[in-house]
Amino acid sequence: MVDASEQSPQSGDYVRPSAPSTPPPYLAVLNDEQLKAVETTDGPVLVLAGAGTGKTRVLTTRLAYLLQRGLAWPSQILAVTFTNKAAREMHQRIGDLISGVVEGMQWLGTFHSIGAKILRRHAELVGLKNNFTILDTDDQIRLLKKLIVAADIDEKRWNARHLVSLIDNWKNRGFTPEKVPESESFTFANGKGIELYRAYQERLKVLNAADFGDLLLECITLFQNNPDVLTNFQKRFKYVLVDEYQDTNVAQYLWLRLLAQEYKNICCVGDDDQSIYGWRGAEIDNILRFEKDFPGAKVIRLERNYRSTPHILAAASGLISANEGRLGKTLWTGVEDGEKVGVRGVWDGEEEARVIGEDIEAYHRSGRSLSDIAILVRASFQMREFEDRFLTLSIPYRVVGGPRFYERAEIRDVLAYMRVVAQPDDDLAFERIVNKPKRGLGQAAIQTLYNLARARSCSLTQAARQLLDTDEIPRARRALSSLIQMIDRWAAESKTLPHTDLAETILEESGYAEMLQNDKSADAPGRLENLKELVRSMEQFENLAGFLEHVSLVMENEQSKSDDKVSLMTLHSAKGLEFPVVFLPGWEEGLFPHQRSLDENGIKGLEEERRLAYVGITRAKEISKISFAANRRMYNKWSSTLPSRFMDELPADHVEVISETSLYGSTAPNTSMFAEESGPITVQFGGGGSISKSGYQNPGWRRVQQAKRRDSVPLIEESANDPTASDFDLGERVFHQKFGYGRIKSIYGNKLTIEFEKAGRKKVIASFVERH
DNA sequence: TGATGCTGCGTTTTT
DNA sequence: CGCAGCATCA
């Protein structure tokens with residue numbers, strides 16, 4: 001075990017105890033723990049890398065070290081990441097460290113790209129051809145919809161989207177149809193779920209296609225059924241490196257374990273406190289269990305933080321310590337002082353946006369770049385108010401993680417043409433283009449095609465070829481024939497023609513370009529422009545297959561970071577980023593932690609939400625400002641909200657209450673600083689989650705419990721749209737816990753303006769005052 | 001084949 | 001409330 005005590009917070013600069021005679025320069029920049037993580041090359045290693053502790057540096061240096069010490073050839077190292085961005089960054093940085101070696105690193109990439117690579121080499125062993133298509137969620141839904149209808153199941157009751165997530169879930173957990181547990185077999189359409197899963201897998205084989213889950217699961221199947229193939233890979237990979245291990249799912253774990261079996265030199269880097277993707281299959285237990293899963297594992301903690309100020313670190317650490325299931329780390333920094341984490345209550349979302357906007361303007365005036373500033377929200381609907389505000393203030397901003405290029409309809413259409421050319425059995429692509437542009441191949445013709453394909457269990461293009469030899473479809477025959485001829489011609493040309501030229505040919509000959517040119521709608525020119533962009537982007541690829549692989553595996557969403565703009569994004573997409581100034585709005589019960597997370601996943605959900613909060617705070621280098629609104633409009637209904645329980649979990653010493661408004665009173669001391677313990681309390685979101693069993697005892701939590709007990713019926717207050725909804729009258733004399741006696745001057749929904757005898761005019765929530 | 005009206009849904013998102 | 005997806009009709 002590694003003892004963090006070895007390096008005390010005081011020893012900022014240190015001398016390594018037994019430095020090798022000539023330490024390579026790239027090792028000299030590491031601290032003790034980092035160095036240990038790099039030099040511990042034998043056996044399983046878990047590097048627990050807290051936020052901002054130099055994780056990427058360790059990963060890349062370790063790679064460089066392995067290579068430079070001659071411990072492995074570039075081709076003998078398997079290095080996996082989750083995102084293309086991370087893979088690219090690693091690639092880049094290794095190249096910077098040692099030139100000329102990166103080209104040989106064929107096994108550096110995302111789980112999915114490497115899975116696809118392995119699968120393509122041995123596709124025939126799992127019933128695919130090596131040019132198989134990779135389907136995205138959209139394709140999956142369309143395919144499953146058909147299977148559901150074909151199985152005579154009411155698609156409205158049991159919708160395809162739901163089944164897709166079930167199947168994905170099974171695949172994430174490493175279940176082929178045979179292995180799905182009995183207990184889960186009835187979760188869809190009274191037990192037909194598994195049948196559909198099986199039918200879906202069969203259909204994929206006919207279509208010569210794999211979905212994302214298959215890229216790993218089929219790999220595992222391949223390894224299990226073909227020991228020789230597995231052995232071959234095991235012997236190849238002398239070293240295995242895994243980034244963001246806390247995000248791995250069960251299938252990925254199994255995959256890794258199989259591959260690392262021979263040498264057992266597996267190094268996983270991650271942070272259990274930053275596991276925020278449980279909802280899409282990430283299994284936090286993978287990292288928690290590491291030492292059990294890999295006997296003899298060494299655990300190295302990176303705890304020195306190079307990003308944030310002590311207050312920010314302490315606030316985040318205090319918050320996350322409320323979680324039970326964690327390995328535990330103590331982050332520290334050599335940096336001195338800095339601002340406390342700001343916490344601010346506002347009236348509503350609009351005010352929140354206004355106040356943050358003012359702050360941003362002030363920071364900007366005092367010389368900060370806008371690109372130093374980020375606003376991190378829990379849910380994307382929160383972005384709107386900020387966008388509105390930024391527009392009126394003309395503050396330039398960028399939304400990170402918007403709609404994606406490859407998801408646009410016109411792009412998908414043209415890609416479908418290319419898919420059919422590259423892989424004629426790709427029915428989903430064929431269906432997409434068969435009558436686009438319109439060529440008179442309507443419902444009836446397609447149905448005939450479809451029936452034949454099903455009967456022969458072949459693909460649509462194969463069925464089409466057979467149909468053309470008959471008199472089955474007299475009317476559409478000519479159109480179908482010419483379409484098939486076109487596809488054949490393109491397929492032939494694809495062997496000689498550069499793929500960009502082919503793309504242009506397809507655009508012209510298919511009539512797709514013409515269709516857009518004749519389209520008079522406002523966005524048609526933009527679509528054409530997108531298509532040109534698509535063709536341009538193909539240039540950097542060697543061939544059509546390479547390009548298509550890229551498209552299906554890389555949902556690129558790069559933005560030029562160079563402009564000076566405020567960043568607006570969700571907490572999820574902020575992971576891995578850092579900003580000098582971070583605003584964290586919307587810390588309200590029900591929104592954050594999100595009610596749904598609590599309802600569906602109980603305490604596990606709550607802990608994941610808390611990790612999300614931790615991720616949010618730790619994005620900040622210098623300044624971090626949290627806020628919550630007392631009222632929030634969702635789906636155009638006003639609701640009063642309670643401050644997030646996470647607010648209560650921030651250690652008071654590291655928090656500063658910013659109270660420009662006298663919303664809840666300004667003198668509230670520490671922990672339960674915002675809540676009025678008196679007065680009837682309404683909570684926005686309903687539902688009694690299974691979390692009530694939890695042992696959470698903080699004030700915020702207790703308040704929610706109280707509220708639930710008090711009025712067991714409606715937890716949702718939705719009357720506020722109606723200006724007369726409050727049961728107070730104008731001019732009525734009321735009493736407020738904090739402000740004393742006063743008279744109501746105006747009423748809007750549950751907001752009252754009251755002229756207090758001592759405190760003056762204040763806006764308060766109706767439920768916080770009582771008649772007098 | 002296109003337009004129209006209705007219903008249901010509304011957290012996070014990569015590959 | 002606003003939107004997407006569907007069904008229905010002309």
Side-chain angles (χ1 to χ4, degrees), chain A residues 80-87 109-117 119 134-142 145 149 154-157 159-162 164-165 168 171-172 210-217 243-244 247-249 251-252 275-282 376-384 400-404 406-407 409 435-444 549-557 569-576 586 588 590-601 605 608-609 611-613 615-616 633-638 685 718 721:
Chain A
V80 277
T81 63
F82 270 85
T83 63
N84 294 289
K85 196 174 155 215
T110 62
F111 276 101
H112 295 273
S113 68
I114 291 174
K117 194 167 184 171
L119 218 49
I134 298 168
L135 302 186
D136 62 20
T137 313
D138 219 71
D139 295 323
Q140 293 185 70
I141 293 173
R142 287 190 295 140
K145 194 168 281 175
V149 172
D154 182 5
E155 209 271 325
K156 270 175 235 143
R157 256 192 81 136
N159 73 324
R161 199 172 284 272
H162 180 208
V164 166
S165 65
D168 274 350
K171 289 186 176 178
N172 283 158
D211 63 25
F212 285 118
D214 285 339
L215 296 181
L216 292 155
L217 193 53
D243 189 19
E244 305 278 19
D247 288 338
T248 51
N249 59 37
Q252 284 156 340
S275 166
I276 55 173
Y277 285 111
W279 51 274
R280 64 178 198 214
L376 312 182
V377 296
R378 173 66 244 262
S380 36
F381 78 85
Q382 292 172 263
M383 292 187 188
R384 239 198 89 169
V400 178
R404 282 164 229 181
Y406 292 127
E407 277 168 8
N435 202 27
K436 201 179 282 177
K438 308 233 173 327
R439 42 174 77 90
L441 290 168
Q443 202 68 52
E549 181 93 345
H550 166 87
V551 169
S552 36
L553 291 177
V554 184
M555 276 296 183
E556 202 88 62
N557 208 18
M569 70 188 94
T570 63
L571 286 160
H572 282 91
S573 38
K575 194 171 80 153
E588 295 129 35
L591 175 58
F592 192 36
H594 200 282
Q595 190 62 43
R596 204 148 153 183
S597 198
L598 264 35
D599 288 347
E600 287 170 14
N601 300 303
E608 181 153 312
E609 294 284 304
R611 290 194 290 271
L612 201 48
V615 167
R633 191 173 52 190
M634 285 184 93
Y635 315 131
N636 260 12
K637 272 175 195 160
W638 281 98
F685 296 77
E718 49 185 65
N721 250 349

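Everything numeric here is computed off the predicted structure, so don't read it as measured data. Chain letters run A, B, ... following the sequence lines, proteins first and then strands; every chain starts at 1.
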Tell me, for nucleotides 2-10 of chain C in 5' to 3' order, what letter each nucleotide earns: B for a base near a protein heavy atom under 4.0 Å, S for only sugar-phosphate near one, - for neither?
----SS---

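- Residue contacts shown for A/Phe212 include a base, since a base heavy atom lies under 4.0 Å away.
- Residue contacts for A/Asn435: at a heavy-atom cut-off of 4.0 Å it reaches the sugar-phosphate backbone alone, with no base atom in range.
- Counting heavy atoms from C-beta outward, A/Arg439 and A/Pro437 have side chains that approach closer than 4.5 Å.
- The residues A/Arg161 and A/Asp138 are annotated as not salt-bridged, no charged nitrogen and carboxylate oxygen being separated by less than 4.0 angstrom.
- Separation of the A/Trp279 and A/His572 ring centroids falls under the 6.0 Å cut-off.
- Side chains of A/Arg611 and A/Lys575 form no contact here, defined as non-hydrogen atoms less than 4.5 Å apart.
- The nearest whole Å value for the distance from the NZ atom in A/Lys85 to the P atom in B/dT13 is 14 Å.
- The side-chain heavy atoms of A/Val80 and A/Ile114, taken from C-beta on, include a pair separated by under 4.5 Å.
- The P atoms of C/dA4 and B/dT11 are separated by 15 Å, rounded to the nearest whole Å.
- Salt bridge A/Arg142/A/Asp139: present, at least one basic N to carboxylate O contact under 4.0 Å.
- Using a 4.0 Å cut-off between a side-chain N of Lys or Arg and a carboxylate O of Asp or Glu, A/Arg280 and A/Asp168 do not qualify as a salt bridge.
- A 4.5 Å side-chain heavy-atom check between A/Arg378 and A/Thr570 finds every atom pair outside the cut-off.
- Rounding to whole angstrom units, CD of residue A/Gln252 and C1' of B/dT15 are separated by 9 Å.
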Across nucleotides 2-12 of chain B, 5' to 3', mark each nucleotide with B, S or - according to how protein heavy atoms within less than 4.0 Å reach it.
S-------BBB

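- Both A/Gly440 and A/Leu553 sit near DNA chain B, but only A/Gly440 has its closest nucleotide nearer the 5' end.
- One can place CZ of A/Arg439 at 12 Å from P of B/dT1, the figure rounded to the nearest angstrom.
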